[in-house]
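Bear in mind that the values here come from a model prediction, so they are computed numbers and not experimental data. By convention in this document, chain letters (A, B, ...) are assigned in the order of the sequence lines, proteins followed by strands, and residues within each chain are numbered from 1.
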Number of protein chains: 2
Amino acid sequence: MTTTAPTSSAVRLAAETWESLFRSQVAVMRRLQAGAAFKKLPIKEYDVLFTLSRCPTGKLRLNEINDHVLLSQSSLSRLVDRLEKRGLVERSIAPDDGRGILLGLTAAGQELQKEIGREHIRDIAELVAPALTADEQRELLRLTEKLQAFVAHK
Amino acid sequence: MTTTAPTSSAVRLAAETWESLFRSQVAVMRRLQAGAAFKKLPIKEYDVLFTLSRCPTGKLRLNEINDHVLLSQSSLSRLVDRLEKRGLVERSIAPDDGRGILLGLTAAGQELQKEIGREHIRDIAELVAPALTADEQRELLRLTEKLQAFVAHK
DNA sequence: CCAAAATAGATGCATTTGCATGTATCACTG
DNA sequence: CAGTGATACATGCAAATGCATCTATTTTGG
């Protein structure tokens with residue numbers, strides 16, 4: 001046994017931490033996706049609209065979106081088909097990569113994202129704000145950002 | 001505007017906290033499900049085995065499992081079909097509710113859960129332990145448990 | 001007690017998803 | 001520069017999922 005091997009209690013703590021994070025995510029997500037906000041658009045499709053609405057350039061490569069969702073590459077492609085068919089997004093060729101697709105919101109897409117987002121954000125606050133103090137929320141935000149940053153660069 | 005209305009900055013903090021929690025979950029989950037541990041069994045199916053292995057009685061009602069996963073009732077029923085077909089779980093009639101099904105692990109199910117779990121837990125530790133200190137992990141555990149407990153009882 | 005409403009889980013059918021594969025483009029190397 | 005390997009995204013096809021519905025059982029309220 002070397003001094004750098006993880007101890008079983010360290011492994012157990014990591015596992016329990018992950019389990020708790022995952023289960024809390026499930027608990028909140030079950031509530032959110034069942035809400036009235038997602039009658040018009042499934043939450044996974046909304047997520048793409050939201051991600052596009054939040055990015056500085058307003059456009060993203062499909063593979064960039066794909067790095068942040070739990071869908072296979074092909075499923076994301078098909079999800080984008082559905083959004084495009086509804087006139088909510090538009091595909092264009094990426095200017096610096098002939099293989100690539102840039103995705104942007106249409107005006108209708110922006111409008112729908114805002115409409116759903118208003119209700120969605122209220123649902124989130126209804127769940128999170130009474131559960132945790134503002135300081136606790138900030139700490140949770142910091143810890144999960146730290147975790148995500150590590151995993152993203154690993 | 002009443003004094004009990006949530007302020008927009010309180011709503012925003014809750015939303016950002018949720019977003020960060022959700023994205024970190026996605027980042028970790030993408031890694032875990034892509035790991036060698038889940039070549040033998042998809043992670044959603046493993047999750048049911050794991051949940052059964054962790055419960056005090058060794059058996060759970062389908063609707064109890066369903067309260068903690070992101071699958072519809074029918075999809076869980078079908079997932080359990082698949083596990084049963086592989087001889088990993090067995091269904092029995094709940095003794096106190098003629099509508100109900102109790103689910104339990106078979107010996108093969110226990111064995112496979114342990115086998116996959118050994119590798120899975122190592123993968124988790126590889127992601128979480130270098131990202132967060134032990135104190136941070138404990139704090140994250142506490143906060144997510146608090147959140148989950150609130151949402152579960154709301 | 002009885003009827004109505006609610007609940008539990010299985011199933012039909014349509015939709016979504018994932019694996020494998022294909023085509024085109026890009027990056028790298030000699 | 002040319003060939004090879006890697007990457008980006010679409011598509012075929014099979015599997016998984018979700019909505020709606022069904023049957024049986026339990027719970028509720030008068």
Quiz prompt | Interatomic distance where CG belongs to B:L79 and P belongs to C:dG9 [whole Å] | solution = 14 Å
Exercise. Could you check how far CD of B:E64 sits from P of C:dG9, rounded to whole Å?
Key: 9 Å
Quiz item: Rounded to the nearest Å, what distance is computed from the CZ atom of residue A:R86 to the P atom of nucleotide C:dT15?
Solution: 14 Å
Exercise. For A:L71 and C:dT15, give me the distance from atom CG to atom P, rounded to whole Å.
Key: 18 Å
Quiz item: Can you check whether B:L49 reaches B:L41 side chain to side chain, under 4.5 Å on heavy atoms?
Solution: yes
Quiz item: What integer distance in Å separates A:N63:CG from C:dT25:P?
Solution: 17 Å
Quiz item: Please give, in whole Å, the distance from D:dG5 C1' to A:R99 CZ?
Solution: 12 Å
Self-check item: Short N-O contact, B:E145 and B:R142, less than 4.0 angstrom
Solution: no
Exercise. Grab the NZ-P distance between B:K39 and C:dG18 for me, whole Å please.
Key: 16 Å
Quiz prompt | Electrostatic pair B:R78-B:D81, nearest N-O below 4.0 angstrom | solution = no
Quiz item: Can you list the steps and then say if B:Q113 with B:L52 is a side-chain contact (heavy atoms from CB on, under 4.5 Å)?
Solution: CA-CA 10 Å; B:Q113 184 277 312; B:L52 289 171; over 6 Å; no
Quiz item: Using a distance-only test with no angle check, is there a side-chain donor-acceptor pair under 3.5 angstrom linking B:S24 and A:T144?
Solution: no
Quiz prompt | Base versus backbone protein contacts along nucleotides 10-15 of chain D [heavy-atom cut-off under 4.0 Å; B, S, -] | solution = BBBB--
Quiz item: Does B:R61 put a side-chain nitrogen or oxygen below 4.0 Å from OP1 or OP2 of C:dG9?
Solution: yes
Quiz item: Whole Å only: how far is the CD1 atom of B:I43 from the P atom of D:dT17?
Solution: 13 Å
Practice problem: State plainly whether the residues B:R23 and B:E19 are in salt-bridge range, i.e. N to O under 4.0 Å. | Solution: yes
Quiz item: Which of the following nucleotides, D:dA8, C:dT7, D:dT17, is nearest to the side chain of B:K44?
Solution: D:dT17
